[in-house]
There are 2 protein chains.
Amino acid sequence: MNYESHHLSAAIKKARANLGLSQRDLSERSGLPQAQISKFENGTVDIRLSSLVALFRALGLELELVPRQVVPAVQSIVKNITPRSTIDVKLLARAKMALNCVLQQLARLNQSPGKLEYLKEYSHFLERTQISAIHTKSFKRWTKFLERLKTDSFDNKKIELLIKRTEELRNQLEQASDSSIQDPFSRPAYSLD
Amino acid sequence: MNYESHHLSAAIKKARANLGLSQRDLSERSGLPQAQISKFENGTVDIRLSSLVALFRALGLELELVPRQVVPAVQSIVKNITPRSTIDVKLLARAKMALNCVLQQLARLNQSPGKLEYLKEYSHFLERTQISAIHTKSFKRWTKFLERLKTDSFDNKKIELLIKRTEELRNQLEQASDSSIQDPFSRPAYSLD
DNA sequence: AATAAATATATATTATAAGATATCAGAAAA
DNA sequence: TTTTCTGATATCTTATAATATATATTTATT
């Protein structure tokens with residue numbers, strides 16, 4: 001890359017990772033082919049503005065032209081104000097759907113009602129909790145696991161595994177929300193009047 | 001324009017105007033052909049990222065990727081904090097040079113010493129004053145007028161005209177610096193800690 | 001009204017992005 | 001181990017940006 005726009009591709013790569021999207025996911029959203037995204041992220045293509053716009057729009061980002069002098073101020077805003085980016089809405093919806101399917105199947109089976117209750121509660125937990133972008137990957141894995149579960153036939157081992165992985169995830173998320181309270185960056189370092 | 005990036009071309013057009021640059025000037029600085037700049041500013045071309053970068057770099061701008069949520073905050077910064085963008089340094093240098101030439105010629109002629117004094121004083125005024133971007137156009141015109149003057153043969157009429165136009169410009173600039181004091185936007189609406 | 005400056009178009013050539021699609025290698029999960 | 005997921009490459013066609021250059025059109029300036 002000669003024209004120093006690596007920071008753009010890096011930013012997009014990061015944003016994509018934060019949302020837990022694969023290049024293929026982003027490809028679907030943005031309409032660009034996955035191959036193109038890969039090339040852009042690696043700086044082996046000089047993409048057109050429209051492609052760039054498609055990419056960052058799909059990631060909830062906007063391009064702003066700012067005078068060089070105020071770049072630090074802008075960057076500080078972006079760092080400090082940005083609410084801990086929450087998980088991708090589509091991913092969350094996917095998770096809820098998968099969880100509901102599993103819950104329904106469990107209810108139909110009518111065995112291990114305790115586990116059913118636990119998972120129901122977890123479903124509510126999902127409603128309440130703002131899932132930090134940091135854990136998107138774990139969350140995505142868990143969702144995929146759910147999705148696979150519902151197609152397979154249920155057996156006790158699988159339900160055990162589900163409970164186990166769910167507890168793991170919950171622990172991760174709860175830890176995160178604790179630490180975010182102490183996080184000095186969670187309070188903005190400026191104020192607008 | 002289908003890909004909604006008019007605000008980018010508009011920003012560049014504006015920045016260019018603020019610096020008092022013509023498309024040809026910008027072309028020279030950025031290395032892009034004037035025709036390309038025209039097409040971009042009119043949204044009839046989907047330029048590549050490298051071209052965009054060349055353009056905004058030549059204008060002292062940077063491209064920042066900003067989460068949609070904080071776009072208003074960033075725009076407010078750019079509007080309010082941006083120090084009243086000063087005139088292009090090259091243009092200023094050009095003006096000083098032209099003025100000096102004229103001063104020397106006047107000195108050599110050794111007539112109308114009062115006018116000579118006035119212009120000398122104005123030369124110092126230029127050193128002190130931060131010329132608002134708003135008046136770049138007038139300033140550029142004045143500079144060009146000076147440049148034309150020095151090649152022509154001097155006569156009293158021309159010197160009169162020079163004084164007149166210089167006074168006009170000075171008034172404009174002084175008015176500007178007055179109003180900027182009262183300008184509510186000249187004080188930033190936020191503070192960084 | 002005439003001239004000049006700035007901007008918008010036009011043309012022709014070359015380079016390369018876009019797009020569709022397939023494949024490959026490595027990592028992760030089963 | 002086998003399968004699935006992910007990211008990087010490759011190939012081919014088509015569309016269009018880049019570039020140089022010229023010219024027209026619009027806008028200031030004298």
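Remember, it's a predicted structure, so these values are computed and weren't measured experimentally. Computation of the quantities below employed the complete heavy-atom set of this structure, encompassing side-chain atoms and omitting hydrogens, waters and symmetry-equivalent molecules. Protein chains get the first letters and strands the later ones, always in sequence-line order, with residue 1 at the start of each.
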*Could you walk me through whether F40(B) and L32(B) pass the side chain to side chain contact (heavy atoms under 4.5 Å, CB included) check?*
CA-CA 11 Å; F40(B) 173 62; L32(B) 298 192; over 6 Å; no
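A straight line from CG of L146(A) to P of dA29(C) spans 15 Å, rounded to a whole angstrom. Rounding to whole angstrom units, CZ of residue F40(B) and P of dT16(D) are separated by 18 Å. Distance E28(A) CD to dG7(D) P: 14 Å, rounded to the nearest Å. In this entry the distance linking CG of L52(A) with P of dA17(C) reads 14 Å, nearest Å. Rounded to whole Å, atom P of dA8(D) lies 7 Å from atom CD of E41(A). Distance L21(B) CG to dA5(C) P: 17 Å, rounded to the nearest Å. One atom, CG of L26(A), and another, P of dG7(D), lie 10 Å apart when rounded to the nearest Å. Between the C1' atom of dT7(C) and the CZ atom of R16(B) lies a distance of 8 Å, rounded to the nearest Å.
In K96(B), the NZ atom is crowded: over 12 heavy atoms of neighbouring residues, nucleotides or ligands sit closer than 6.0 Å. A 6.0 Å sphere centred on CD of E168(A) holds more than 12 heavy atoms belonging to other residues, nucleotides or ligands. Within 6.0 Å of CD on E167(A) lie more than 12 heavy atoms contributed by other residues, nucleotides or ligands.
Using a 4.0 Å heavy-atom distance criterion, L32(A) is classed as a sugar-phosphate-only contact. Among the atoms of the strands shown, only primed sugar atoms or phosphate atoms (P, OP1, OP2) are found under 4.0 Å from some heavy atom of S22(B).
Using a 4.0 Å cut-off, no side-chain N or O of R165(B) falls inside it from OP1 or OP2 of dT29(D). The phosphate of dA5(C) (OP1 or OP2) has no side-chain N or O of R24(B) nearer than 4.0 angstrom. For R141(A) and dT6(D), the shortest distance from a side-chain N or O to OP1 or OP2 is not below 4.0 Å. Close to dT6(D), at under 4.0 Å from its OP1 or OP2, lies a side-chain N or O of K144(A).
Residue E147(B) forms a salt bridge (charged side-chain N to carboxylate O under 4.0 Å, His left out) with just one option from R94(B), K140(B), R141(B), and that option is R94(B).
Closest contact between the side chain of K140(B) and the listed nucleotides dA8(C), dA6(C), dT6(D) involves dA6(C). The nucleotide whose nearest atom lies closest to any side-chain atom of V45(B) is, among dA17(D), dT19(D), dG19(C), dA17(D).
With DNA chain D read from its 5' end, the first of the two nearest nucleotides for Q34(B) and R48(A) is the one closest to R48(A).
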